[in-house]
Amino acid sequence: MRHKNRAVSVRHVLGVASLSLLVGLTGCAGGAAPAAEPQPISTANIDPAAAAALPEEYKSAGVIKVASDIPYPPLEMFDENQQLTGLDYDLAQAMGAKLGVRLELQTQAFDSIIPSLQSGKNDIIMSGMNDTVERQETLDFVDYLHAGFSILVPEGNPESITTVLDLCGKNVAVQKATVQGEILRSYDQQCKDKGSEPVNVAELPLETDVQTAVRSGKASADVVDSAVAAYAAKTAGDGKIFDIVKDPANPAGYNPVYTGIGILKEDKELSQAILAALEAVIADGTYDEILAKYDLSDYTVKETGLNLGGTKP
């Protein structure tokens, strides 16, 4: 899911809210995102091993605060009743049930999402964050998706973009603080070698801003997590606004990476509890059901563990 620069992603899939609704809801400030009225925690689905691993402070509070850059469909979004939904939301509810506490998503801008953990405002991150070696200096990741990024273009692909190098010399928009900007700039020399100017990268605050730039013609393309690209192509304007450029050499998207739940490295016990909860949700089939709901089954993790993304050179 999200290839973010300071902390990271997945991000290929489904949903029901329209892009216009999402654009109208992007001004959310920090704090708990709108969600259905919290229900009392049921003991029916508690996993004994996961619950036992959870530090006492979270058991006593009954809640784990989850930093999330909302909206980022299909991971975090709003339904037609402006209630929070999406893959991360559903997975958080399922994992909370295993732990015996609520996982409560809190709206947090992505470029301040790691500091929100360091300040104690939030406890963990679920926001399509890519597990990278650089982020592992600060965070441990419980990885739950494996996917790359895709190129989103206007319907009909009017500029005939077929590969990343076709973006050379073009205006391309990405979300601020994501890895995609760095990746595009890494093609500068290859663009020059083919006689073109480098990609002109514009970094905008929100993914919905990026998609608006493409819709308005201010950008030729949006380079974004594959899950987000697929969702936008499928749902925006009933599927008549965007197309996805599919490179035959990269069927799962470019540069596939793990997307994980981020936890500060010093919170080792919490990391183990979150990992145990994910394993329990996978074991009972809920994980597969949630991914299928959002058309993300192609991006399941083949193994569980901490910090599966990347290796040090």
Nearest heavy-atom pair of [X] and [Y]: which atoms, and what distance?
X	Y	answer
Ile244	Ala230	CD1-CA, 3.4 Å
Ala177	Asp111	CB-CB, 4.1 Å
Gly305	Leu275	N-CD1, 3.7 Å
Ile274	Ile261	CG2-CD1, 3.9 Å
Ala92	Met126	CB-SD, 4.0 Å
Ala221	Val153	CB-CG1, 4.0 Å

Quick one: do [X] and [Y] end up in the same hydrophobic cluster if we chain Ile, Leu, Val, Met, Phe, Trp and Tyr together by side-chain heavy atoms under 4.5 Å apart?
X	Y	result
Val210	Val201	no
Tyr58	Val63	no
Val228	Leu204	no

Are the side chain of [X] and the backbone N or O of [Y] linked by a donor-acceptor pair below 3.5 Å?
X	Y	value
Gln93	Tyr89	yes
Asp47	Lys98	no
Tyr287	Tyr144	yes
Gln175	Pro205	yes
Asp143	Leu308	yes
Asp284	Thr286	yes
Gln211	Leu152	no
Asp123	Lys65	yes
Asn307	Phe141	yes

State, yes or no, whether a side-chain contact exists between [X] and [Y] at a heavy-atom distance under 4.5 Å.
X	Y	answer
Ile64	Leu270	yes
Leu103	Leu91	no
Ile183	Phe149	yes
Leu278	Met95	yes
Val172	Gln180	no
Asp222	Glu207	yes
Asp140	Lys268	yes
Leu165	Gln190	yes

What's the spacing between [X] [atom1] and [Y] [atom2] if we round to 0.5 Å?
X	Y	atom1	atom2	value
Ser68	Ile113	OG	CD1	6.0 Å
Leu105	Ile125	CG	CD1	12.0 Å
Met77	Ile70	CE	CD1	12.0 Å
Asp295	Leu87	CG	CG	11.0 Å
Leu99	Asn45	CG	CG	12.0 Å
Cys191	Asp166	SG	CG	9.5 Å

Side chains of [X] and [Y]: do they bring a donor and an acceptor to under 3.5 Å?
X	Y	answer
Thr85	Tyr294	yes
Lys121	Gln106	no
Asp69	Ser127	no
Asp88	Tyr72	no

Between Val257 and Thr132, is a side-chain contact (heavy atoms from CB on, under 4.5 Å) present by the stated rule, with each step listed? CA-CA 8 Å; Val257 297; Thr132 66; 5.9 Å; no
Verify ring pair (Phe, Tyr, Trp, His ring centres under 6.0 Å) between His146 and Tyr299, making sure each step is shown before the conclusion. CA-CA 5 Å; His146 188 246; Tyr299 310 106; 8.9 Å; no
side-chain contact (heavy atoms from CB on, under 4.5 Å) between Gln136 and Asp131: does it pass, once the steps are laid out? CA-CA 7 Å; Gln136 288 174 19; Asp131 173 1; 2.6 Å; yes
Count the heavy atoms of every other residue, nucleotide or ligand shown that sit under 6.0 Å from [atom1] of [X], and state whether that count exceeds 12.
X	atom1	answer
Glu203	CD	yes
Glu266	CD	yes
Lys265	NZ	yes

Can you tell me which residue among Leu139, Ile263, Leu264 is in a side-chain contact (heavy atoms from CB on, under 4.5 Å) with Ile124?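 Only one option passes, and that is Ile263.
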Worked verdict on Phe78 versus Leu84 for side-chain contact (heavy atoms from CB on, under 4.5 Å): CA-CA 5 Å; Phe78 298 97; Leu84 189 58; 4.3 Å; yes
Check against side-chain contact (heavy atoms from CB on, under 4.5 Å), Glu155 and Asp243: CA-CA 5 Å; Glu155 186 185 31; Asp243 282 341; 4.0 Å; yes
